[in-house]
Every structure is written in C-alpha cells, then in structure tokens.
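In what follows, a single structure is set out as structure tokens and then discussed.
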Amino acid sequence: MRIQNLFLFGAMIFLASCSQQQQARKPISHTSGTFIKESIERNKVLIADEEDLIAEIIKNDSLKSYIASNKGYWYKYETKVEEVTATPKRGDIAFFDYEIKDLKSRIIYTIADTKPQVYYVDKENIMMGLRDGIKLMKKGETVTFLFPSHMAYGYHGDDKKIGTNEPLICTVSLNDIKVDTQAKN
C-alpha cells in the first residue's frame with residue numbers, strides 16, 4: 001500500500017509539472033540606443049574638426065584653386081589636361097602612381113612605397129576616396145586630393161603607417177587608361 005501511495009504521489013507530481021506552461025523569459029539587458037546616438041555625435045564632431053583642418057590647408061594654399069567634390073573631399077590639379085579625353089569608368093584599367101601624406105605634409109608612403117598601381121575601376125577594393133577620385137582624372141593628369149578620414153582608411157587605419165581616423169593628402173598621377181579586354185560583358 002505504501003509503494004502504491006508513493007507511486008500515485010509521483011504520478012500526480014509528474015502530471016502537475018507537465019500541465020504548467022512555460023513562461024517566456026525576459027531579456028537580461030535592454031538596449032536604449034544611446035551608444036549609436038553617441039557614436040553619431042562623435043563622428044559629427046570628428047568630421048567637423050577634420051574639415052576645419054582641411055579648410056585651413058586650402059586657405060594657406062592661395063596659389064591653387066580647390067574643388068569640393070560631392071563625396072566630401074577636396075582636390076586641386078597639379079597637372080591638368082585641357083583637351084576633351086576619356087576618364088576611367090567601370091570596366092577600365094587605370095594605371096597610376098600616388099604618394100600619401102598626413103595633413104602636416106609629412107610623407108607616409110612615397111611613390112616608391114606604393115609602386116605603380118594597376119586598378120580595375122570599381123572592381124577592386126582600394127581607398128574609398130581614390131576609388132571616386134580616379135574617375136575624375138584624365139590620362140596625364142596629376143591631382144592632389146584632401147581626404148577626410150572617412151574617405152581614406154577610416155576608423156581602422158591601414159594596420160601599418162596610417163592610424164585611426166587620419167585624414168590624408170594623396171597626390172595621384174594617372175599614367176594610362178585601358179579597356180579591360182578580359183572583362184565579361
């Protein structure tokens with residue numbers, strides 16, 4: 001009888017535990033979105049500071065005329081080709097040399113360091129500012145670009161000589177443009 005009662009008691013506990021519904025667990029932490037808002041504000045201040053530094057460089061270089069791009073960087077022609085010729089477009093191969101400096105005109109990478117570049121336009125991953133700036137150039141031109149950090153290597157840098165959030169001066173010479181004959185249409 002005792003074993004029967006024990007068995008009956010165990011069966012009732014088992015049935016009672018099965019009949020309770022599981023309650024949804026509440027998350028341990030709640031996000032308020034303040035991190036994103038603070039990050040946006042930090043980036044606005046960073047961009048404004050970099051633009052002030054670039055504006056100072058432009059003001060001090062009164063012999064040259066700078067052009068503001070619609071992508072958020074500035075450039076000036078060192079050598080300008082006046083005749084109407086093609087500029088690189090998607091599917092072309094651009095052959096160029098470039099040098100990178102910081103905003104105090106200290107050389108970070110020389111032309112020898114960067115070697116002659118072969119760039120498949122819009123098909124390779126290069127610095128965002130160069131990706132856009134090269135498409136403004138004609139064969140034979142040399143252009144100096146003033147890139148805020150978000151158009152250069154951004155928050156990450158290049159893991160070598162270019163640090164976090166570093167605006168750059170890049171002087172680029174476009175040596176040649178060829179159509180990529182190997183490209184699939």
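Just so it is clear, the values below take in all heavy atoms, side chains as well, and ignore hydrogens, waters and symmetry mates.
Annotation for E124 and Y120: closest pair OE1-N, 2.6 Å, computed over non-hydrogen atoms. Between Y155 and T164, the shortest heavy-atom contact is O-CG2, 3.0 Å. Scanning all heavy atoms of the two residues, the minimum distance from R131 to D122 falls at CG-OD1, 4.1 Å. Between I100 and M127 the shortest heavy-atom distance is CD1-CE, 4.2 Å.
Every residue meeting the salt bridge (Lys or Arg N to Asp or Glu O under 4.0 Å) condition with K44, not counting sequence neighbours, appears here in chain and number order: E41. Among residues two or more places apart in sequence or in another chain, the side chain to side chain donor-acceptor pair (under 3.5 Å) test is passed with T85 by none. Take F96 and apply the ring-ring contact (aromatic ring centres under 6.0 Å, His included) test, not counting sequence neighbours, and it matches Y98. Applying the salt bridge (Lys or Arg N to Asp or Glu O under 4.0 Å) rule to E78 yields the partners K64, K76; only residues at least two apart in sequence or on another chain are considered. Scored by the side chain to side chain donor-acceptor pair (under 3.5 Å) test, D49 finds no partners at all (sequence neighbours excluded).
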Please list every donor-acceptor pair under 3.5 Å in which a side-chain atom of residues 51-58 meets a protein atom from a residue at least two apart or in another chain.
none

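We find the CD1-CE distance between I177 and M137 to be 9.0 Å, quoted to the nearest 0.5 Å. Atom CD of E50 is separated from atom CG of L146 by 12.0 Å, given to the nearest 0.5 angstrom. Atom-to-atom distance recorded for D102:CG and I108:CD1 is 5.0 Å, nearest 0.5 angstrom. The CD1 atom of I169 sits 11.5 Å away from the NZ atom of K104 when rounded to the nearest 0.5 Å. Once rounded to the nearest 0.5 Å, the distance linking CD1 of I107 with OG1 of T171 reads 9.5 Å. The CG atom of D97 sits 5.5 Å away from the CD1 atom of I111 when rounded to the nearest 0.5 Å.
There is a side-chain donor-acceptor pair under 3.5 Å between Y109 and D158. For D132 and Y73, the side-chain atoms include at least one donor-acceptor pair closer than 3.5 Å.
Between the side chain of S173 and the backbone N or O of N175, no donor-acceptor pair lies under 3.5 Å. Distance alone, capped at 3.5 Å, places no donor-acceptor pair between the R90 side chain and the V121 backbone. Judged by distance alone, the side chain of D92 and the main-chain N or O of K89 form a donor-acceptor pair under 3.5 Å. Of the possible donor and acceptor atoms, none in the side chain of E38 sits under 3.5 Å from a partner among the backbone N and O of F35.
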Kindly indicate, with the supporting measurements, whether the criterion salt bridge (charged side-chain N to carboxylate O under 4.0 Å, His left out) is fulfilled by K139 and E141.
CA-CA 6 Å; K139 177 181 174 180; E141 288 184 331; over 6 Å; no
Could you check D176 against K178 for salt bridge (charged side-chain N to carboxylate O under 4.0 Å, His left out), going step by step and ending with a plain yes or no?
CA-CA 7 Å; D176 203 0; K178 298 210 187 266; 3.3 Å; yes
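Put simply, the side chain of I47 reaches to within 4.5 Å of the side chain of H150, judged on heavy atoms. Put simply, the side chain of I67 reaches to within 4.5 Å of the side chain of Y77, judged on heavy atoms. Side chains of T142 and V172 form no contact here, defined as non-hydrogen atoms less than 4.5 Å apart. Taking the side chain as every heavy atom from C-beta outward, L136 and Y75 approach each other to under 4.5 Å. Taking 4.5 Å as the limit, every side-chain heavy atom of C170 sits out of range of all side-chain heavy atoms of T144. Side-chain contact between W74 and P148 is present, with heavy atoms from C-beta onward closer than 4.5 Å. Looking only at side-chain heavy atoms (C-beta outward), I134 and T87 stay at 4.5 Å or farther from each other.
By the neighbour-count criterion of 12 heavy atoms within 6.0 Å, atom NZ of K161 is densely surrounded, having more than that number from other residues, nucleotides or ligands. Counting heavy-atom neighbours within 6.0 Å of K80 NZ, excluding the residue itself, gives a total above 12.
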